[in-house]
There are 2 protein chains.
Amino acid sequence: MGAPYGFELVENCVICKLRSDSFFCSLPKATLEAFDRIKYTASYPAGAVLFVEGQSPRGIYMLCKGRVKLSTTSAEGKTLILKIAQPGEVLGMHATVSGTPYEITAETGQPCQLNFVKREDFLNFLQKHGDACLKAAQHLSKDCQTAYQQIRSLGLSHSAPERLARLLLEWTAASPDQREPKVKLALTHEEIAQIIGTSRETVTRVLADFRKRQIAVLKGSTLTIRNKPILEKLVGA
Amino acid sequence: MGAPYGFELVENCVICKLRSDSFFCSLPKATLEAFDRIKYTASYPAGAVLFVEGQSPRGIYMLCKGRVKLSTTSAEGKTLILKIAQPGEVLGMHATVSGTPYEITAETGQPCQLNFVKREDFLNFLQKHGDACLKAAQHLSKDCQTAYQQIRSLGLSHSAPERLARLLLEWTAASPDQREPKVKLALTHEEIAQIIGTSRETVTRVLADFRKRQIAVLKGSTLTIRNKPILEKLVGA
DNA sequence: AACGTGTGGTGACCAACGTCACAGGGAGGG
DNA sequence: CCCTCCCTGTGACGTTGGTCACCACACGTT
């Protein structure tokens, strides 16, 4: 197998080094071998659409490498980004497990390696391997939680600055406790707007305001938090 | 065991007649017996709080009878209703499975019968019984889906009438295809507002408008849809 | 160099809706 | 019976932020 998108494909799950503890496929050896037998490894370029909301579920995509944008679109063409999936996540599990159509759209944001598993195979796999099933349940729980978090953000905050502040804090939450945390992210104002459910112009304006007030500066793809306490005050915490 | 809240407690899951196919506890006999051994049956009055967001998870509550309001509250006291849980649902499963604090608050809206299962017992139960674990995963999937639906409603619709229309359609979706569907619900305008993330006054005004335009009439606790096509047009479908 | 395209930055305008304030009505309790 | 809540209904007002229109800049292509 070559390297079509600039990286080597890892074909064998059992010896895969991409995996870390938080990965769905962080499983005991026997279970992992069973998973390895039913999956199809593939790589995709940036901008590839894995599935579209409304399609009936073909199966799950295990994200090994890269980022995938999960979104949903209204009839008028307005789109809302639900999350940017990180390596280790399983995409399309809700639809696959419950048998209802995919309710979201998944699109790669950069070259990705993914393992696809057919719905039938995946369900059999879960049935036979209790440990994997429990892991799947944990995975789904986490998805629910981030969904609830977004509902809170959308439903409970009145102003756009508040939602943006919440998002910035979320991003820095992962990074350790520095005085001026920096975060790398490759998102346009447009995409940020789609995450917090507002318009592109508003994001630009609020970011300009944050810059002026020395709260946070977004330069290129680097975000620097200058004054975390004020951000925290903005979200009403 | 008496009847403290106007109904008999069903203590034995195996012979329970409340259960229908959609219930989480619609399980094979052997599994059901195992569930029966670890659960504690209890009944609660209206307004009882089962758990509060932020608490560490004690376990799950299987809702046998009654309605439970699931909500989340902001620091300023504004609350958002995530859903009204129906009999057959399991409450607090996300937190219990993932081990993170309850992210929502559960409060009975009427006298309820519930089965409580301790976290440890429940996890053991899932581990031992693959069929139950799969069922749990399905349950979580459905929760995710309704969460995503609410995110769509909150993030993708610009106007309050649109969100309210969407909610009304959701309620009638369950009832069969009548020309003028009627739905029973015991919700105040305030609560409706908390579901669609708007203010009480706006709900009153929009409902008044719907009444005037002969689209939908809410009288007492009975909602009658007069003109479904217009509602559907309002949501932009 | 000229051109297209995607992104960021800004001003002006206006509808939607949150908020405040208050009034009427129904239910339950003393 | 009156009193007190809670719910519903409605008017007035002010702010937020969505929308439109336009410009500047960067980058890649022809």
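Throughout, a chain's letter reflects where its sequence line sits, starting with A, and its residues are numbered from 1. Computed over heavy atoms, backbone and side chain alike; hydrogens, waters and symmetry mates excluded.
B:Thr198 OG1 to B:Leu164 CG: the interatomic distance, rounded to the nearest 0.5 Å, is 9.0 Å. Distance check: A:Cys25 SG to A:Met62 CE gives 3.5 Å after rounding to the nearest 0.5 Å. Here the NE2-OG distance, from A:His139 to B:Ser98, works out to 12.5 Å after rounding to the nearest 0.5 Å. Note: B:Leu80 CG to A:Leu156 CG = 5.0 Å, rounded to the nearest 0.5 Å.
The overall bend of the helix from C:dA1-D:dT30 to C:dG30-D:dC1, read as the angle between its terminal helix axes built from five base pairs each, is 30° when rounded to 10 degrees.
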Report task. Test side-chain hydrogen bond (donor to acceptor under 3.5 Å, both in side chains) on A:Lys184 and A:Thr222 and set out the steps. Result -> CA-CA 5 Å; A:Lys184 276 267 175 203; A:Thr222 306; 3.2 Å; yes
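Distance CG (A:Asp209) to C1' (D:dG17): 14 Å, rounded to an integer number of Å. Rounded to an integer number of Å, the gap from NZ of A:Lys219 to P of D:dC25 is 15 Å. Rounded to whole Å, atom C1' of D:dT8 lies 10 Å from atom CD of B:Glu201. Per the geometry, CZ belonging to B:Arg205 stands 10 Å off P belonging to C:dG18, to the nearest Å. If you measure from atom CD of A:Glu190 to atom C1' of D:dG18, you get 13 Å, rounded to the nearest angstrom. One interatomic measurement links the two molecules: CG of A:Leu185 to P of C:dT7, which rounds to 15 Å at whole-angstrom precision.
The pair A:Lys228-A:Glu180 fails the salt-bridge criterion, with no side-chain N (NZ, NE, NH1 or NH2) lying under 4.0 Å from an Asp/Glu carboxylate O. Salt-bridge annotation for A:Arg152 and B:Glu53: present, with a side-chain N of the basic residue lying under 4.0 Å from a carboxylate O of the acidic one. Checked for salt-bridge contact, A:Glu89 and A:Lys142 miss the test: no charged N lies under 4.0 Å from a carboxylate O.
Within residues 191-200 of chain A, the residues approached by DNA chain D to less than 4.0 Å at the level of any non-hydrogen atom are A:Thr198, A:Ser199, in residue-number order. Against DNA chain D, the stretch residues 153-169 of chain B makes no heavy-atom approach under 4.0 Å.
The residue from A:Arg205, A:His189, A:Gln194 that alone fulfils the side chain to side chain contact (heavy atoms under 4.5 Å, CB included) condition with A:Arg200 is A:His189.
You'll find the side chain of A:Thr105 stays beyond 4.5 Å of the side chain of A:Thr72, heavy atoms only. The closest side-chain heavy-atom distance from B:Lys83 to B:Lys69 is not below 4.5 Å.
Among the heavy atoms of the strands lying under 4.0 Å from B:Thr204 is at least one base atom, whether or not backbone atoms are also near.
Proximity of B:Arg211 to the phosphate of D:dG9: a side-chain N or O atom is located under 4.0 Å from OP1 or OP2.
Taking the side chain of A:Thr188 as heavy atoms from C-beta on, and the options C:dT7, C:dG18, C:dA12, the nearest nucleotide is C:dT7. Minimum atom distance to the side chain of B:His189 is reached by D:dG9, of the listed D:dG9, D:dG17, C:dT10.
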